Amino acid sequence: MALSPNFHTIFATSQSSSNSASPKLPASHSSLTSFHFSTKTVRGNSYNLSRTSASDEKWRANVSFFPAFLNKGKDAKALKEELLEAIAPLDGGADATLEDQQRVDQIARKLEAVSPTKEPLKSDLLNGKWVLIYTTSKSILQTQRPKFLRSTTNYQAINTDTLRAQNMESWPFFNQVTADLTPLNARKVAVKFDSFKIGGLIPIKAPGRARGELEITYLDEELSFSNQDIQR
C-alpha cells in the first residue's frame, strides 16, 4: 500500500479532566480493534489539532507546536486564542482553503516554538482522550463521503504507561483502531496498528503493513499537536 502524506493534527482537552487517571486501553492482542481516525499520513504541511471531550471526566487532551525563539510577538495564550479562532469556521479542516491551511500552519509553528513540554512522551499531560479539532488529512476528514456520512467527532486516546493508543469515530459508524507504540525519542513513537473494530462491534485484525510514526510537536494542559506518517 502507498504511504499517505505526512499530516498534522490538533487535539484539545476536556475542561473537567485535569485530575484524570491514565486511560485504560485494550492490551495488545492480534484481534484488537482499530479505527480510521488518524491512520493516514500526508507528506508535506498538514496539521491535526485536537482537544479532549468535556463530557468525559476520565480523559485529558492537549495540543502543541514549535520552539520559543520563533515567536517574539505574542504569548502562548494569545496565540492559542488566535489558533482556535482560525480553526473555528473550518469544520475541522474540511472547509479549509490553501490560504486557511497556511494561516493555521503559521500560528501552529509559533506555538510549537513556545511549547512548555519539551519531552511530551515523559509527560502525564499526554495521557487521556483527546478530541480532534483540526487536521489536514482528507482520510480523517472523510471528505470523499457525503457530509451526513462523516464522523461527527473523532477522538484519540493515549496511554504512555502501557504504550497503547486508540482512535475512535463517533456517529454514524463508530469505527475504532487500536495500536502499540514504541518510543523513538522523547517526542516520537513508532505506531503499529493491531486491530480495527467496524461499527464499534466487529473486530478485524490489522494487516502487518499498518504502521507508521507519530510525533508530538506541542503539548500543554489544553492542546496537543502531532505529525503523523502512516502506511496502511
Side-chain angles (χ1 to χ4, degrees), residues 1-2 4-15 17 23 25-26 32-42 44-56 58-59 61 63 83-105 108 128-158 165-179 193 195-204 206-207 210 212 214 223-226 228 230-232:
M1 297 286 284
S4 58
N6 178 25
F7 63 86
H8 302 266
T9 55
I10 299 179
F11 293 83
T13 56
S14 167
Q15 299 278 334
S17 62
L25 301 178
L32 288 183
T33 63
S34 62
F35 53 94
H36 297 149
F37 171 45
S38 57
T39 55
K40 273 211 171 178
T41 34
V42 181
N45 289 330
S46 54
Y47 288 96
N48 291 312
L49 300 85
S50 48
R51 95 194 306 167
T52 52
S53 168
S55 62
D56 192 328
K58 296 184 298 181
W59 302 99
V63 180
L83 179 66
L84 295 175
E85 182 179 336
I87 291 169
L90 302 181
D91 190 20
D95 294 339
T97 64
L98 179 58
E99 184 179 352
D100 292 327
Q101 291 179 348
Q102 290 173 342
R103 182 189 177 199
V104 172
D105 179 83
K129 185 177 182 180
W130 298 80
V131 178
L132 182 69
I133 59 174
Y134 175 83
T135 182
T136 56
S137 169
K138 293 187 180 298
S139 173
I140 295 174
L141 292 169
Q142 303 166 350
T143 51
Q144 77 281 7
R145 300 180 186 176
K147 221 167 191 179
F148 69 92
L149 291 179
R150 300 175 192 171
S151 175
T152 55
T153 308
N154 290 320
Y155 302 93
Q156 184 173 76
I158 294 179
Q166 187 174 41
N167 290 345
M168 297 153 278
E169 294 179 359
S170 60
W171 174 268
F173 296 113
F174 301 98
N175 295 325
Q176 302 175 15
V177 63
T178 310
F193 297 98
S195 176
F196 297 92
K197 187 175 284 187
I198 307 303
L201 296 172
I202 305 170
I204 299 176
L214 170 69
L223 291 176
S224 164
F225 304 168
S226 62
Q228 302 181 50
I230 306 295
Q231 182 178 4
R232 293 196 297 178

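The figures here come from the full heavy-atom set of this structure, side chains too, leaving out hydrogens, waters and symmetry mates. Numbers here are sequence positions counted from 1. Every value quoted in this text rests on a predicted model; they were computed, and no experiment measured them.
- Contact record, G199 with N175: N-OD1, 2.9 Å, taken as the closest heavy-atom pair.
- Under the salt bridge (Lys or Arg N to Asp or Glu O under 4.0 Å) criterion, D95 pairs with no residue at all, not counting sequence neighbours.
- Here Q156 contributes atom CD and I140 contributes atom CD1; the two are 8.0 Å apart, rounded to the nearest 0.5 Å.
- Closest approach of R150 to L141, counting heavy atoms only: CD-O, 3.6 Å.
- Across all non-hydrogen atoms, the minimal contact from Q142 to L149 is OE1-O, 4.2 Å.
- One finds the OG1 atom of T153 at 9.5 Å from the CG atom of L132 (value rounded to the nearest 0.5 Å).
- Evaluation of the side-chain contact (heavy atoms from CB on, under 4.5 Å) rule for P89 yields no partner, not counting sequence neighbours.
- Here the closest non-hydrogen pair linking Q144 and K138 is OE1-O, 4.0 Å.
- Distance check, rounded to the nearest 0.5 Å: CD1 of I87 to CZ of R103 gives 10.0 Å.
- The two residues A94 and T143 come nearest to each other via the heavy atoms CB-CG2, 4.3 Å.
- Interatomic distance, S226 OG to I158 CD1, rounded to the nearest 0.5 Å: 7.5 Å.
- Taken to the nearest 0.5 Å, the CD1 atom of I133 stands 12.5 Å off from the CG atom of N154.
- Residues satisfying the side-chain contact (heavy atoms from CB on, under 4.5 Å) criterion with L201, sequence neighbours excluded, are absent altogether.
- Expressed to the nearest 0.5 Å, how far CD1 of I202 lies from NZ of K197 amounts to 10.5 Å.
- Across all their heavy atoms, A179 and F193 have their closest contact at CB-CD2, 3.7 Å.
- Applying the side-chain hydrogen bond (donor to acceptor under 3.5 Å, both in side chains) rule to T152 yields the partners S170; only residues at least two apart in sequence or on another chain are considered.
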